[in-house]
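Scope of the values below: all heavy atoms of this structure, side chains included, with no hydrogens, waters or symmetry mates.
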Amino acid sequence: MEEIETLWKEVRELSLGDSGRVDHLECPPTPLQFLRDFVCQNKPCIISNATLHWPALSSWTHDSYLTGALSSADVSLHLTPHGQADALVPLDGSRCFSSAHVQRMPFPEALSLITNNESPSKLVAYAQQQNNCFLSEYSALAADCDPHIPWASEALGCLPDAVNMWIGNHLSTTSFHKDHYENLYAVVTGQKHFLLLPPTDVHRMYIRMYPAAQYSYSHDIGEFTLELEKPDRYVPWCSVDPYPSPEDRDQQLSNFPLYFDGPKPFRCTLNPGDILYLPSMWFHHVRQSPDSRGRTIAVNYWYDMQFDIKYAYFNFLQSIHCLSIKTPTLPVTVHEDSDSDA
C-alpha cells in the first residue's frame, strides 16, 4: 500500500502538479503542442475561447431557436427520480447500478421536462443519449458546431468516433467513472463542474461489482419503480460519492478513506466557449449549473484512444491487490464501464 501511495505523490510531483488545478490555455493549441504537452502525457487541460466562432453560442441561448429547429425531431430523454443516471442507488438494503428510464419524445416536450423543476412528481429529465446522438437525433443543429475539433483531430490522427449532445438542469449529475476515449468536451450554455483523478488513482475509486437495475416510469401515476435486471448482470463501478449527503457522510468517509484522506481531486469549471480535454482512462465526476433558462447544454467529441503500453500499465496497476480495500464477494460478470460523461 505504501508503494501505491508513493505513486499518487510522484505522479503529481513529476507531471500533474499538486495545486489541484487543471492547466488552462487562453486559446487553442497547435496540434503539435496539444499532442506533446497533453495527449502524450495523458494530462487534462482547459482551452478557453475555443468555440467562440460557433453559431451555437448565441443561437442556443434561445429556446425558440432550439424548438423551431427541432420541431419535428424525436429525442431520447433519460428519466430518474433524482438526476443520477448510471449511478449507484440503494435497493433492498444494498446498492445497485441503476440505469435511467429512456423515453423517446418530441424535442419541445423533452426541453420542457428538462427545464420544468416544479413538476409535482419526483422526475428529473436529462438528454444524455450518447451513441453519436448529436449527428442523429439533433442533426438539425449540426451546422451550429464544428463537426470535429481540427487541432485535436490532427494531433490524434483521426476524426471523432462519436459526437454527443447533453442537455440537463441543476439536478443532473454524473457519478465517478472512466471512459476509453480521448474526450473533447465543449460547454455551450450554463456551466459544468468536474472532479478529476488520474488513472494511477484507480484504487481510490473502490471499483466493485454491483448488480444492474433498471428504472421504469409510469406517467399515469407519476412514479418510478426500480428492479434488478434479469438475467442477473453485474457492473464494475466506482463506489465513491464525493458529495455525500449529511446522513451518509460518516459512512462514506469510513468506507472509502483512500479517496477522502488521499490527494485532493483536480477541480475545474467549464464556461461557454471552453473545451476540456479529458484524457482517456481519467476518472471524472460531473455536476452542472444551468443558465437563466434552467438548462446546461454541452457537446462532446469522443476520439478512440490508443490501446498501447499505457493501457497495459493501467491494467497491471488495477490488478494489484490493495490490502486496505475490502471487496465484497460477488459474481464476477465483467461488463465494460458505461459511457456516461456528463
Side-chain angles (χ1 to χ4, degrees), residues 12 14-62 65 134-135 138 141-167 179 181-198 265-282 284 286-292 295-306 341-342:
R12 287 159 174 81
L14 298 175
S15 176
L16 302 176
D18 55 10
S19 68
R21 294 191 297 269
V22 175
D23 282 7
H24 198 151
L25 306 179
E26 290 298 329
C27 61
T30 66
L32 177 60
Q33 179 189 4
F34 179 59
L35 180 63
R36 179 192 62 210
D37 296 345
F38 300 103
V39 177
C40 289
Q41 297 190 41
N42 197 240
K43 184 177 182 180
C45 65
I46 297 173
I47 304 98
S48 293
N49 306 305
T51 61
L52 297 183
H53 60 287
W54 286 8
L57 263 70
S58 57
S59 298
W60 293 7
T61 60
H62 304 286
Y65 175 82
F134 183 59
L135 299 181
Y138 300 91
L141 300 175
D144 294 340
C145 304
D146 287 342
H148 66 107
I149 307 300
W151 42 269
S153 298
E154 184 174 344
L156 296 168
C158 61
L159 292 173
D161 187 59
V163 184
N164 304 308
M165 179 78 133
W166 310 82
I167 309 176
D179 298 306
Y181 287 103
E182 307 291 352
N183 192 352
L184 279 295
Y185 200 98
V187 168
V188 178
T189 71
Q191 294 179 315
K192 293 274 189 173
H193 312 288
F194 284 78
L195 296 181
L196 308 176
L197 283 176
F266 293 85
R267 298 173 181 266
C268 63
T269 292
L270 297 188
N271 296 298
D274 291 344
I275 288 180
L276 170 66
Y277 167 56
L278 179 58
S280 57
M281 310 295 286
W282 271 66
H284 49 288
V286 192
R287 300 196 296 181
Q288 45 201 341
S289 299
D291 59 19
S292 60
R295 70 283 204 291
T296 300
I297 306 178
V299 176
N300 86 296
Y301 300 78
W302 272 337
Y303 290 81
D304 280 336
M305 67 172 281
Q306 294 294 317
D341 269 293

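Scanning all heavy atoms of the two residues, the minimum distance from A50 to P28 falls at CA-CG, 4.0 Å. Across V22 and F266, no two heavy atoms sit closer than the pair CG2-CB, 4.1 Å. Closest of all the heavy-atom pairs between T269 and D274 is O-OD2, 4.2 Å. Annotation for P160 and P147: closest pair CG-O, 4.2 Å, computed over non-hydrogen atoms. Across every non-hydrogen atom of A56 and V188, the tightest pair is O-CG1, 3.5 Å. Heavy atoms only, all atoms of each residue included: L52 and G273 are closest at CD2-CA, 4.2 Å.
Between P279 and V39 there is no side-chain heavy-atom pair separated by less than 4.5 Å. When side chains are defined from C-beta on, Q288 does not count as touching V187, because their heavy atoms never get closer than 4.5 Å. Taking the side chain as every heavy atom from C-beta outward, L278 and L196 approach each other to under 4.5 Å. Residues W60 and V299 form a side-chain contact, since some pair of their non-hydrogen atoms from C-beta on lies under 4.5 Å apart. A 4.5 Å side-chain heavy-atom check between C145 and F134 finds at least one atom pair inside the cut-off.
Taking the side chain to side chain donor-acceptor pair (under 3.5 Å) definition, one finds that W151 meets it with nothing, sequence neighbours left out. Residues that satisfy the side chain to side chain donor-acceptor pair (under 3.5 Å) test with D23, not counting sequence neighbours, are K43. Under the rule for a salt bridge (Lys or Arg N to Asp or Glu O under 4.0 Å), the partners of R12 that lie at least two apart in sequence or sit in another chain are D201. Legend: residues meeting side-chain contact (heavy atoms from CB on, under 4.5 Å) with D37, ordered by chain and number and at least two apart, are Q33. Listed by chain and residue number, nothing satisfies the ring pair (Phe, Tyr, Trp, His ring centres under 6.0 Å) test with W54 (two or more places apart in sequence, or in another chain). With sequence neighbours excluded, the residues forming a side chain to side chain donor-acceptor pair (under 3.5 Å) with Y277 are E182, listed by chain and number.
Between the OG atom of S289 and the CG atom of L270 there is a distance of 11.5 Å, given to the nearest 0.5 Å. Note: N271 CG to S48 OG = 7.5 Å, rounded to the nearest 0.5 Å. Going from atom CD of Q41 over to atom CG of L35 covers 10.5 Å, rounded to the nearest 0.5 Å. For the atom pair T51 OG1 and D146 CG, the distance stands at 8.5 Å (nearest 0.5 Å). Between atom CG of residue L276 and atom NE2 of residue H24 there is a gap of 10.5 Å, rounded to the nearest 0.5 Å. For the atom pair CG (L135) and CE (M165), the distance works out to 11.0 Å, reported to the nearest 0.5 Å.
For the residue pair D144 and S59, no side-chain donor N or O sits within less than 3.5 Å of a side-chain acceptor on the partner. At a cut-off of 3.5 Å, with distance as the only test, a side-chain donor of S153 or Y303 sits close to an acceptor on the other residue. Defined by atom type and a distance below 3.5 Å, a donor-acceptor pair is missing between the side-chain atoms of N300 and Y181. Between the side chains of N164 and W302, not a single donor N or O lies within less than 3.5 Å of an accepting N or O.
When atom types are taken as modelled, the side chain of W282 and the backbone of N42 share a donor-acceptor pair closer than 3.5 angstrom. Without hydrogens or angle criteria, N49 side chain to E26 main chain gives a donor-acceptor distance under 3.5 Å. With T189 contributing its side chain and I297 its backbone, the two residues share a donor-acceptor pair below 3.5 Å.
With a 6.0 Å radius and a threshold of 12 heavy atoms from other residues, nucleotides or ligands, Q306 has its CD atom at or below the threshold. Within a 6.0 Å radius of CZ in R21, no more than 12 heavy atoms belonging to other residues, nucleotides or ligands are found. Shown here is E154, whose CD atom has no more than 12 heavy atoms of other residues, nucleotides or ligands within 6.0 Å.
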Intermediate values then yes/no, side chain to side chain contact (heavy atoms under 4.5 Å, CB included), L25 and F38: CA-CA 11 Å; L25 306 179; F38 300 103; 3.9 Å; yes
